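A quick note: this is a predicted structure, and the numbers were derived from the prediction, not measured. Naming: A, B, ... by sequence-line order, numbering from 1 per chain. Side chains included, hydrogens not; waters and symmetry mates left out as well; all remaining heavy atoms used.
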Amino acid sequence: SDFEGIIPKDEYGAGAIFVWDRGTWVSMEDDPAAALASGELKFQLSGEKLNGGWMLKKLPKGDKQWLLIKERDRFVEKGFSVAGEPAAEVPVTAILPGKPGPMPKRLKPQLATAVASPPDGEEWLHEIKYDGYRTFARKEGDGVSFFTRSGLNWTEKYEALVPAFAALDCESALIDGEVAVQDARGATSFEMLQKALSEGRDHDLIFYAFDIVHSNGNDLTSVPLATRKAVLRRLIPNGSDSRLLYSDHVIGDGRQLFSQVCRLGLEGVVSKKSNAPYRQGRTHSWVKAKRFEIGTFDIIGFTTKASSRHVASLMLAETAEETNYVGRAGTGLALDETRSYFDKFSSVEIDAPAIALPKTQGAHFVEPGRYTAEISYRGRTTKGHLRQAAILSIKETAKPNRGRSNTKKLITDRDLANIRLTNPDREIFKGSGTTKQDLAVYYARVGDSMLPHLLNRPVSLIRSPSGSLDDVFYQRHGFPGLPDGMETIKDGDSEYLVIRTPRGFLGLPQFGVIEFHPWDCRTSDMDHPDRMTVDLDPGEEVEWSTVVSGANAVRDRLHELGLASFVRTTGGKGAHVVVPLAGKDDWAKVRQFLKALARQLADEMPRLFTDLQSKAKRRGRIYLDINRTTHGTSAVASYSLRATPEFQVAMPLPWQDFHTGTPPTVFNRKSALSHVERQSVDPWDGFEKARRPISAKALKGVGLKG
DNA sequence: GCGTGTC
DNA sequence: GACACGCAACGCGGG
DNA sequence: CCCGCG
Ligand SMILES: [Mn+2]
Ligand SMILES: [Mn+2]
């Protein structure tokens, strides 16, 4: 049949029809008509696209549904796509695309034009923008050299990168990329890079390769970008530990990636036309969108238009070692706000500015330190003024967020850049308003606080990749696609999950992981717990204030026994009291101790506690569940979200903040983030120093002999 | 989310 | 191709 | 020995 055209809606085969392949077919059956009637017909095709053995098989249900199945023969092609080969699958090693020619001596890099936000559409591919030095890497045989944007030879400075390029499996290559430094969040990597180079420390350097313009005697500049990147990807070995990394991309929805990049505090997004050749100099086939930065600044004045009683713009300053003017921000206030802030600011107006300011029309000055503004902006001018400053909010003398002094940065920009999410806008539970991206962002932002008590322990996960509350499951063993940085560890006859690195941790939201339940031991010593958990499970109708008294009673008793303890809400109805251990006592001894402790507390305070699991007998009391610290069991991790539509959080608190005003409902995905980011110290500060073995005195104290 | 098996 | 399924599991103590 | 419990 040669029919092509459009079949109208509601008719059989509705939609666009075109001839996709031509050829002949031969039946493999003696009686094809009979075979067809019986529901199974084998035949051979010889077409331009499809070849070899095929089978039509009728499904038992209905009579119009057939399967077209490819036989296993030499014509089988894995990954074959009806829509055409995906760009990444372009064959490269045998026949290199491009045309023969010498490797250019000097090349100007292709540059991107700045835009406000990334473009949309399937013709664009989007990469993470790294903040470093643009660099060409040139490999000719065993010789490797590096050139800056302006053509300077920086091979000496980038010495540490040479081996990675020398090891590449090709005769020659000219690779375009960015040299950056592996960086903790907070400082920009550009600053770190300059520091690293000036101190002669090049061991942190990483080359992010995003283009290849010449290889093995072939000029690739006129080859489409998608093909060049495919060549590059084949060339660069996979392996996160290398100093030479392939800068991967996503296709299509750039705005989604941009929003993720902004929220994670990365530099921005570079978007490139996937079918465009490599062009030297500034082009429109590459565009870059830098993220908005958000900062809090002091309001030192405001302007008005003529004698208007509305605020037209804020005059802003920031204080590092000294106070400096950073320019004005005008947009972002509603009309009624421009009026109400005029009144507020007028009440703290002063005659002269606190610092030297450029002369400004309609300027008024206010007492410094009275108001701050949260400003979004995009980089700075050479004078240090904010570009494209917009007002997000104004606060009365709020303290700027300084971050926790005693929490180490564990998550690097590189870890954040490696997060890949499919379906980022999918709601974790339909109607909950929390998306997979929200989940990933939450864990990226609490990771530095969470990981010290989570890494390198066996861990059970609670997942819900399906979007349904009815479809939530535990996972304690490995699963296919386990991210880099996740491992399994053998214990007895089973293999249990372990998170080894921040990267492994950040890879989990992609798999619908919601809750984290680590064991109370490290993988380095699976026989000796290094902490123990007393789980307070309130029965029906137990008030939060009772849980607070109960936890404090447990703490006081532990204290009498010479053991420090720390508390968290569990995100459910109860609380955990966690005791740091030295890792000397085995599970049996810890269990013995906990059992005696729970029995003792239940005996002494029978109206508050029970150590009997029976739910019926719990009424109005708290069940002291000591089975959280048993070989093979686990307890929810601090900062873990809980898998309910409210997404409450298991929140560790300093004892003085654990009171009737902090019921578990206070902490959910959103509030927990601002809570954590407002903290100046770790709520469990001192945990490591408080590790003790269970002493003879402690055993005696709970009625066991020492 | 993903591999696996069934219809 | 659509769909359904699994994705942990052990030990304690009471009856 | 089974069951509820987490
Ligand atoms: Mn509990
Ligand atoms: Mn419990």
Within this structure, what is the [atom1]-to-[atom2] distance between [X] and [N], rounded to whole angstrom?
X         : N      : atom1 : atom2 : result
Leu508(A) : dC2(B) : CG    : P     : 13 Å
Glu540(A) : dC5(D) : CD    : P     : 11 Å
Asp537(A) : dG4(D) : CG    : P     : 18 Å
Arg463(A) : dG6(C) : CZ    : C1'   : 11 Å
Arg619(A) : dC5(D) : CZ    : P     : 15 Å
Asp471(A) : dG1(B) : CG    : P     : 12 Å
Ile514(A) : dC7(C) : CD1   : P     : 19 Å
Leu421(A) : dG1(B) : CG    : C1'   : 12 Å

Note to self: Between dC5(D) and dA8(C), how many Å separate the two C1' atoms, rounded to a whole number?
What the structure shows: 15 Å
Margin query: Less than 4.0 angstrom from a charged side-chain N to a carboxylate O is my criterion; do Asp520(A) and Arg628(A) meet it?
Written below: no
Note to self: If the threshold is 4.0 Å, N to carboxylate O, is there a salt bridge linking Arg263(A) and Asp438(A)?
What the structure shows: yes
Candidates [options] - which lies nearest the side chain of [X]:
X         : options                : answer
Arg618(A) : dC5(D), dC2(B), dG1(B) : dC5(D)
Gln475(A) : dG3(B), dG6(D), dA8(C) : dA8(C)
Pro480(A) : dG1(B), dG3(B), dG6(D) : dG3(B)

Checklist line | NZ or CZ of Lys229(A) within 45° of Tyr246(A) ring axis and under 6.0 Å | finding: yes
Margin query: Does a side-chain N or O of Thr422(A) approach OP1 or OP2 of dG1(B) to a distance below 4.0 Å, or not?
Written below: yes
Margin query: With the criterion set at under 5.5 Å between ring centres and under 30 degrees between planes, would dG1(B) be stacked on Phe511(A)?
Written below: no
Note to self: So Phe479(A), base contact, sugar-phosphate only, or nothing? Heavy-atom distance under 4.0 Å.
What the structure shows: nothing
Next item on the list: Decide ring-ring contact (aromatic ring centres under 6.0 Å, His included) for Tyr442(A) and Phe647(A); before the verdict, give the C-alpha distance in whole Å, the side-chain angles of both, and the deciding distance to 0.1 Å.
Entry: CA-CA 11 Å; Tyr442(A) 173 82; Phe647(A) 290 99; 9.3 Å; no
Next item on the list: Please work out which of the three classes, parallel, tilted or perpendicular, describes the rings of Phe566(A) and Phe687(A), given edges at 30° and 60°.
Entry: tilted
Check: Can you say whether the rings of His517(A) and Tyr474(A) are parallel (under 30°), tilted (30 to 60°) or perpendicular (over 60°)?
Finding: tilted
Note to self: So, applying side chain to side chain contact (heavy atoms under 4.5 Å, CB included) with Val578(A), which one of Met532(A), His453(A), Arg568(A) is it?
What the structure shows: Arg568(A)
At a cut-off of 3.5 Å, list every protein nitrogen or oxygen paired with a nitrogen or oxygen from nucleotides 11-14 of chain C, distance to 0.1 Å.
| residue | atom | partner | partner atom | Å |
| --- | --- | --- | --- | --- |
| dG13(C) | OP1 | Lys595(A) | NZ | 2.6 |

